[in-house]
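Let me begin by presenting the structure, written as structure tokens, before commenting on it.
As the structure is a prediction and not an experimental result, all values here were calculated from the model.
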Amino acid sequence: MKKIAHYWLAIVCCLFTVHSLKAQYVYDYKRTGDVYYEAKDYYSAAQYYNRALGTFKINANEVLPYQAGKKGKDIGKIKDYETVKYRLAESYRMYNDFGNAEKYYEEVVSYNNNELFPLARFWYGVCLRANGKYPEAIEQFKQFKDKYTKVDEISARVALETASCEFAISEASRTPGYIVTKLNGDVNVGGANYAPSLLGKNVLLYTSSRPDTTILEKKKKENPYINSLFQADGKDASFSNSRPLAIPEVKGIDQGVAAVSPDGNTIYLTRWTNKNGVKVAAIYSSTRSGSTWSEPKALGPNVNVDGYSSMQPFVTADGKYLLFASGRPGGMGKNDLWYSMLDKNNPGPARNMGTGINTRDEEQAPFYDGDRHMLIFSSDGRVGLGGLDFYSSEGDFSSWAVPKNLGAPLNSPKDDIYYATSDWSHPMNGGYISSDRESVCCLELFNIKRISKSIHGMVMDCDNNLPLSGAKITLIDTVQQKVLQQVTLDETGRYRFEVAPRMNYKIMAEKENYFSKAIFINTDQLEKVDSMESPTICLKHYEIGKPIILKDIYYDFDKATLRSQSLIVLDTVVSIMLDNPNIIIEMSAHTDGKGKDDYNMKLSQRRAQSCVDYLISRGIPSSRMIAKGYGKTRPIAPNTLPNGKDNPEGRQLNRRTEFKVLRVTQLSQ
């Protein structure tokens, strides 16, 4: 194909000197552009189509539209002109220059020629979306949908593109959760720089397509931009001393997008080979020997399938799984995410991650945090800001939660791919990504740092309203029921936890000889602020066997039927029992001094049982409760005054309901 391109280029140069063949000269610019276009060299195609446009002598009013009233050779001439405009727009789009592509698509859609350019308006909308012009993009997708009658991949994509624009508009009101900074130093130079990971402390491993200087110096016709592995020293957003990794390469073969095993002695990397004019990727491994690496060897058929690409490896921190992207058979669409179990760095049979993760479009670049069971990957098959976006999903390889878009600024209207953490103890707090958000054509490396979001509050003693020193406070993920953070309070009684917005947490407060208490926190408001105050928690002290009076427990006269207002009080006991699953209690009822002893004993027993029955109805096991009626045997106030008269206040105090902790059991693990 290159020979054909250079052949046409030679014709162009020759014809340039022949003034009498000016018409043929015009045609050859277009033909040369067509040759590069068919060879998928869109950058070169755009250069020649631009030159071709300068040679057409077409008035603007001849183009809108030209069908009516036009005859003869002029029609062909204008069709050529408009076709060049369309292919120029396509060429710019195909190498991600969406700014120039938008300009030319806008002209093409103005021709109103759906027969010749049926997809022009759709791609115009895509370019508007990629340039962050979401309302304008929505309008173009709407117009396209109204006129496009085919049922195909493009028609299905329109709804997703529209939803993504609407999502992006809603994201604009969110407070950013991260600071994204392009790496400085000598990392982002040359061509594309992408796929970051850490080779060691303060050593960044990444893939770069910077040009081979020997090819440039010798002015050879081969492509000087070869993907290779590089390393650089630094931290955060500053890296320098960028240099090739000491790993064998094969001349003309691209290699990169690598993952390092937990012990740091094995690298899994991607190599691209050209088979019958088509680039195919496969995953290789290389082992460390001192400061150098062995010749990479292709992994077996469990990972690499002949004729299909496997790429973008990732190894979990425990060394148990190799994750990768592949278009191999058995997938859902284009590239899917797959995983293999590793046995001494040897991968077993690959398994697809399923429809919960994969779509009919692209899923790429997996990252997995095993401690938090969190998968992060890139996809263009889900609602997002546009292009490849980062998504997260909680799961353990047997099942996955619905993926969530990680939002701006981790995502942009362009491609965002390859997440890597800089701190495995807090993988989502900071790290590195690749994105072309600031580039016309190529991925670049960025540092990400989470903006601290927190909830804070106080724990007090219910009896004296003083800060409760020594209480243990635990932050729990309510989805996974997993402890995230835990602190013991000092004399201030205050706690603070770093959290994520749009999450639900449980905060559990505990102290010996106090009833534990849980509160539930939703962090939606952290979208707009950096911190939020949680409700003050007060813990109630108890002693084994010491009764606690429940105020405002009422029964119907001379009956054991609980009144509705009593249920509100008993619900506090339900909460105590739920928050303290290891306590066994006695619910007791008492009467005043009026009536016969036997009658009062039976009435109080029925009333105590009514309380227990209500707690059972709220899900508290009967095995954790005892109902006990004491009748009038345990007064806490005189039923009569010293002069022998009735004491209504005293009798009221004696008609009471109590509960007490009988014992604390050891919970089974």
Side-chain angles (χ1 to χ4, degrees), residues 98-99 102 124-143 145 157-182 359 374 376-394 401-417 419 428-431 433-439 446-456 477-479 496-505 520-535:
F98 294 105
E102 176 194 328
Y124 180 36
V126 168
C127 292
L128 287 167
R129 186 264 298 151
N131 294 328
K133 300 176 182 179
Y134 298 112
E136 295 91 336
I138 291 173
E139 176 59 29
Q140 293 304 316
F141 291 134
K142 180 179 180 299
Q143 292 186 42
K145 182 180 178 182
R157 186 80 190 181
V158 173
L160 180 62
E161 289 284 355
T162 302
S164 292
C165 290
E166 292 168 345
F167 173 75
I169 292 171
S170 70
E171 283 289 288
S173 62
R174 284 185 55 199
T175 300
Y178 287 84
I179 297 172
V180 180
T181 307
K182 189 162 90 170
T359 68
M374 180 70 72
I376 298 174
F377 64 100
S378 291
S379 173
D380 66 359
R382 300 177 180 276
V383 174
L385 272 72
L388 289 163
D389 268 17
F390 288 114
Y391 296 81
S392 67
S393 174
E394 295 173 349
V402 176
K404 297 179 181 177
N405 188 287
L406 292 182
L410 287 186
N411 290 319
S412 71
K414 293 189 177 181
D415 286 335
D416 304 285
I417 185 172
Y419 180 94
M428 290 299 293
N429 281 359
I433 63 171
S434 310
S435 178
D436 61 350
R437 64 187 63 191
E438 295 184 15
S439 170
F446 293 80
N447 171 251
I448 62 170
K449 185 175 182 180
R450 188 174 193 165
I451 299 172
S452 178
K453 301 280 187 178
S454 66
I455 52 177
H456 51 91
D477 183 326
T478 59
V479 175
R496 179 183 178 276
F497 293 122
E498 287 197 6
V499 295
R502 297 193 299 176
M503 293 285 287
N504 293 304
Y505 297 100
F520 293 85
I521 301 293
N522 175 277
T523 59
D524 284 354
Q525 73 182 78
L526 289 179
E527 290 288 301
K528 299 182 186 247
V529 297
D530 291 337
S531 66
M532 58 181 283
E533 181 89 13
S534 59

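- Contacts of K145 classified as side-chain hydrogen bond (donor to acceptor under 3.5 Å, both in side chains), with partners at least two apart in sequence or in another chain: none.
- Atom CZ in R129 sits 7.0 Å away from atom SG in C165 (nearest 0.5 Å).
- Residues A408 and L385 approach most closely at CB-CD2, 3.9 Å, considering heavy atoms.
- Two residues are said to be in side-chain contact when any heavy atoms from C-beta on lie closer than 4.5 Å; I521 and P535 meet this criterion.
- Seen from the ring of F446, R437 counts as a face-on cation partner, given the 6.0 Å and 45° thresholds.
- Q143 and E139 share a side-chain donor-acceptor pair at under 3.5 Å.
- Counting heavy atoms from C-beta on, the side chains of K404 and Y391 never come closer than 4.5 Å.
- Here the CD atom belonging to E533 is positioned 10.5 Å from the CD atom belonging to Q525, to the nearest 0.5 angstrom.
- Checked by atom type, the side-chain pair N504/T478 shows no donor-acceptor distance below 3.5 Å.
- Applying the side-chain hydrogen bond (donor to acceptor under 3.5 Å, both in side chains) criterion to D415, with sequence neighbours excluded, gives no partner residue.
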Would K142 and I138 satisfy side-chain contact (heavy atoms from CB on, under 4.5 Å), going step by step from the backbone distance to the final call? CA-CA 6 Å; K142 180 179 180 299; I138 291 173; 5.5 Å; no

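- When side chains are defined from C-beta on, S164 does not count as touching Y134, because their heavy atoms never get closer than 4.5 Å.
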Verdict with supporting geometry, F377 and F390, side-chain contact (heavy atoms from CB on, under 4.5 Å): CA-CA 6 Å; F377 64 100; F390 288 114; over 6 Å; no

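- Closest heavy-atom contact between A500 and Y505: N-OH, 3.0 Å.
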Would you please test N447 and V180 for side-chain contact (heavy atoms from CB on, under 4.5 Å) and show each step? CA-CA 6 Å; N447 171 251; V180 180; over 6 Å; no

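- Between I455 and T523, the closest side-chain pair of non-hydrogen atoms falls below 4.5 Å.
- Side chains of F497 and H456 form no contact here, defined as non-hydrogen atoms less than 4.5 Å apart.
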Evaluate side-chain contact (heavy atoms from CB on, under 4.5 Å) for M503 paired with L526, printing each intermediate quantity in order. CA-CA 9 Å; M503 293 285 287; L526 289 179; over 6 Å; no

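- The pair D436-K414 does not count as a salt bridge, with every side-chain nitrogen at least 4.0 angstrom from each carboxylate oxygen.
- Shown here for G177 and P409, the closest heavy-atom pair between the two residues is N-CD, 4.1 Å.
- Nearest heavy atom pair, residue L128 against residue A137, reads CB-CB, 3.8 Å.
- Shown here for V158 and F141, the closest heavy-atom pair between the two residues is CG1-O, 3.9 Å.
- The minimum heavy-atom distance linking D380 with L388 is given by the pair N-CD2, 3.7 Å.
- Within the model, atoms CG of L406 and CD of E171 stand 10.0 Å from one another, a figure rounded to the nearest 0.5 Å.
- Here the side chains of Y178 and I451 are not in contact, with every heavy-atom distance at 4.5 Å or above.
- Under 4.0 Å is where a charged nitrogen must lie from a carboxylate oxygen, and between K133 and E102 at least one such pair does.
- Here the side chain of S378 pairs a donor or acceptor atom with the backbone of D416 at under 3.5 angstrom.
- Residues I433 and I417 are not in side-chain contact: their nearest non-hydrogen atoms beyond the backbone lie 4.5 Å or more apart.
- The distance from atom SG of C127 to atom CD of Q140, rounded to the nearest 0.5 Å, is 11.0 Å.
- Side-chain contact check for R382 versus D389: every heavy-atom pair is 4.5 Å or farther apart.
- A salt bridge does not link K453 to E498: none of the charged nitrogens lies less than 4.0 Å from a carboxylate oxygen.
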